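Since the structure is predicted, the reported quantities are computational estimates derived from the model, not experimental observations.
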Amino acid sequence: MDRHIADYLHYAAADRGFSSTTLATVTADLGGLERFLRSQQDDGADICWSLVDRDRIRLWVAHETQRGIQPQSLRRAMCSLRSFFRYLLLVGVIQADPMRLIPNPRQPRRLPTFLRETEMDRLFDHVAFPDTFEGHRDHLILLTFYSCGLRVSELVGMDLDSVSMERSEMRVLGKRNKHRVVPFGPEMHQALAAYLTERARYVSADALPLFTTPQGRRLTTDGVRHIVKTYLSMVTTAAKRTPHVLRHTFATVMLNHGADLEAVKSLLGHESVATTQIYTHTTFAQLQDAYEQAHPRLRRGSGSEEGGAADGSGKCERR
């Protein structure tokens, strides 16, 4: 490994506090750049980072694109490179940052996956949750995702004192250690009371986590994902059956029923309303789909029997 890359990885771990997962990702990204730059040299000498300019970086981008790397992965790798070159600039190895004017690749924005309200009604109105510790817990977990729009990490991180039964609200610790308060309604209040009663029979009063195993251990994110997938499989054929799909469903349902965009932003814990606006695209897509299926003039123009036979021009022939 190039010594400057090794020094940067040590700096990232010791001074910037990169997690082991992030460190492994950055190591792979910089290793790919190193292999590419060495392939451009004939003598096998060490890389001279001061000679790596914008043109070299553009060649690397083209190389990665030709390899079929996805735009999202390329953006992530470029983020690793930006941080690395800023470090080289900081320690005086280079005099100019070659990444400064390199744009990120465009990434098509995908609409979030969400479930229909009828599917969620089927889950809570017709699926029989067992009258056990796990049954009450799992019912509350699903209801919390759908009623409050939490991230899975936020849900598993909740403690008993995160919830106020008197005020029907929960204090959530979100990204970048920011707290927000999320209200909940009577249905969830009832489910929470039932779970806490059942929890007291199994779990010590000293146990802090809200959602636990019967032995009092905090649930893991993988454990919660398994619970969500198991129950959603009973009511939907959607390919994605994850906690985040329920978060998307919460936001979409709120906006469909007239919630203010700023209010939904606050409930979701988004930094910017621009992030929340993607759900307005989702609701508009629903509206457009319903319009195209139901409007009589569009149905007449589609060549259906109601509107007459269609000729080659796409117009309906009047009878």
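- A donor-acceptor distance shorter than 3.5 angstrom exists from the side chain of Asp260 to the backbone of Ala263, with no hydrogens or angles considered.
- Judged by distance alone, the side chain of Ser147 and the main-chain N or O of Thr144 form no donor-acceptor pair under 3.5 Å.
- Taking the centre of each ring, Phe250 and Phe114 stay at or above the 6.0 Å mark.
- Atom CZ of Arg58 has more than 12 neighbouring heavy atoms from other residues, nucleotides or ligands inside a 6.0 Å radius.
- Arg76 and Asn104 are not linked by any side-chain donor-acceptor pair at a separation below 3.5 angstrom, with hydrogens and angles left out of the test.
- Remark: Asp222 CG to Ile227 CD1 distance equals 11.0 Å, nearest 0.5 Å.
- The nearest pair of heavy atoms linking Trp60 to Ala77 is CH2-CB, 4.0 Å.
- Around the CG atom of Asp131, the shell of radius 6.0 Å holds no more than 12 heavy atoms that belong to other residues, nucleotides or ligands.
- Checked against ring pair (Phe, Tyr, Trp, His ring centres under 6.0 Å), His63 has the following partners two or more places apart in sequence or in another chain: Phe36.
- Counting non-hydrogen atoms of other residues, nucleotides and ligands closer than 6.0 Å to CD of Glu134 gives a total above 12.
- Under the side chain to side chain donor-acceptor pair (under 3.5 Å) test applied with Glu119, the options Thr249, Thr237, Thr236 reduce to a single match, Thr236.
- Interatomic distance, Met78 CE to Ile102 CD1, rounded to the nearest 0.5 Å: 6.5 Å.
- By the criterion of side-chain heavy atoms lying less than 4.5 angstrom apart, applied directly or through intervening Ile, Leu, Val, Met, Phe, Trp or Tyr residues, Leu267 is grouped together with Val273 in one hydrophobic cluster.
- Within the 3.5 Å criterion, the main-chain N or O of Val235 finds a donor-acceptor partner in the side chain of Arg122.
- Judged by distance alone, the side chain of His189 and the main-chain N or O of Met165 form a donor-acceptor pair under 3.5 Å.
- A donor-acceptor pair under 3.5 Å is formed between the side chain of Asp97 and the backbone N or O of Met99.
- In terms of heavy-atom proximity, Pro98 sits nearest to Asp53 at CB-C, 3.7 Å.
- Cluster annotation: Leu173 is not connected to Leu155 through the hydrophobic network of ILVMFWY side chains, with a link wherever side-chain heavy atoms come within less than 4.5 Å.
- Using a 4.5 Å cut-off on side-chain heavy atoms (C-beta onward), Ser50 and Gln95 make no contact.
- In this structure, Leu140 CG and Phe211 CZ are separated by 4.0 Å, a value rounded to the nearest 0.5 Å.
- Checked against the 6.0 Å centroid criterion, the rings of His136 and Tyr195 do not qualify as a close aromatic pair.
- With hydrophobic clusters built from ILVMFWY side chains whose heavy atoms lie under 4.5 angstrom apart, Met1 shares a cluster with Val26.
- Annotation for Phe184 and Ser164: closest pair CZ-O, 3.9 Å, computed over non-hydrogen atoms.
- In the hydrophobic clustering of this structure, Leu196 does not group with Leu208; members are Ile, Leu, Val, Met, Phe, Trp, Tyr whose side-chain heavy atoms approach within less than 4.5 Å, directly or through other members.
- A distance-only check finds no donor-acceptor pair linking the side chain of Ser73 to the backbone of Ile69 [under 3.5 Å].
- Here the side chains of Thr252 and Asn256 are in contact, with some heavy-atom distance below 4.5 Å.
- Counting heavy atoms from C-beta outward, His10 and Leu23 have side chains that stay 4.5 Å or more apart.
- Formation of a donor-acceptor pair under 3.5 Å by the Thr25 side chain with backbone atoms of Thr21 is found in this model.
- For the pair Glu154 (side chain) and Arg151 (backbone), a donor-acceptor distance under 3.5 Å is present.
- The ring pair (Phe, Tyr, Trp, His ring centres under 6.0 Å) test applied to Tyr8 returns Phe84, Tyr87, not counting sequence neighbours.
- Residues Leu30 and Leu90 share a hydrophobic cluster, clusters being chains of Ile/Leu/Val/Met/Phe/Trp/Tyr side chains in contact below 4.5 Å.
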Just do the side chain to side chain contact (heavy atoms under 4.5 Å, CB included) check on Thr242 and Lys229 with the steps written out, would you? CA-CA 6 Å; Thr242 66; Lys229 184 175 182 180; over 6 Å; no
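- Summarising the geometry of Leu268 relative to Arg247, their closest heavy-atom pair is O-NH2, 2.9 Å, with the distance given to 0.1 Å.
- Considering only heavy atoms from C-beta on, Leu143 comes within 4.5 Å of Glu187 through its side chain.
- When the shell of 6.0 Å around CZ of Arg180 is examined, it contains more than 12 heavy atoms from other residues, nucleotides or ligands.
- If you take CD1 on Ile47 and CD1 on Ile5, they are separated by 6.0 Å, rounding to the nearest 0.5 Å.
- At most 12 heavy atoms of other shown residues, nucleotides or ligands fall within 6.0 angstrom of atom CD in Gln190.
- Rounding to the nearest 0.5 Å places CZ of Arg75 at 13.0 Å from OG of Ser80.
- Arg137 and Thr213 form no side-chain donor-acceptor contact under 3.5 Å, judged by distance and modelled atom types alone.
- The two residues Arg241 and Ser233 have their closest heavy-atom pair at NE-OG, 2.9 Å.
- Using a 4.5 Å heavy-atom cutoff, the side chains of Arg217 and Thr212 are not in contact.
- Between Leu37 atom CG and Ile57 atom CD1 the span is 6.5 Å, to the nearest 0.5 Å.
- Ionic pairing of Asp2 and Arg35 is not present here: no N-O contact between side-chain nitrogen and carboxylate oxygen is shorter than 4.0 angstrom.
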Chi angles and distances behind the side chain to side chain contact (heavy atoms under 4.5 Å, CB included) call for His139, Tyr231: CA-CA 9 Å; His139 176 243; Tyr231 279 98; over 6 Å; no
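- Residues satisfying the side chain to side chain contact (heavy atoms under 4.5 Å, CB included) test with His226, not counting sequence neighbours, are Thr230.
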Checking Val91 against Tyr11 for the side chain to side chain contact (heavy atoms under 4.5 Å, CB included) test, could you report, in this order, the C-alpha distance in whole Å, the side-chain angles of both residues, the deciding distance, and whether it holds? CA-CA 11 Å; Val91 297; Tyr11 159 79; over 6 Å; no
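- With Thr276 as the fixed residue, the side chain to side chain donor-acceptor pair (under 3.5 Å) test singles out one of Lys265, His270, Glu271: His270.
- No donor-acceptor pair under 3.5 Å is formed between the side chain of Arg54 and the backbone N or O of Leu101.
- Counting all heavy atoms, side chain and backbone alike, Ile94 lies closest to Trp49 at CG2-O, 3.5 Å.
- Using a 4.5 Å heavy-atom cutoff, the side chains of Thr220 and Val156 are not in contact.
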List the steps and the verdict of side chain to side chain contact (heavy atoms under 4.5 Å, CB included) for Leu150 and Met158. CA-CA 11 Å; Leu150 303 191; Met158 293 182 67; 3.8 Å; yes
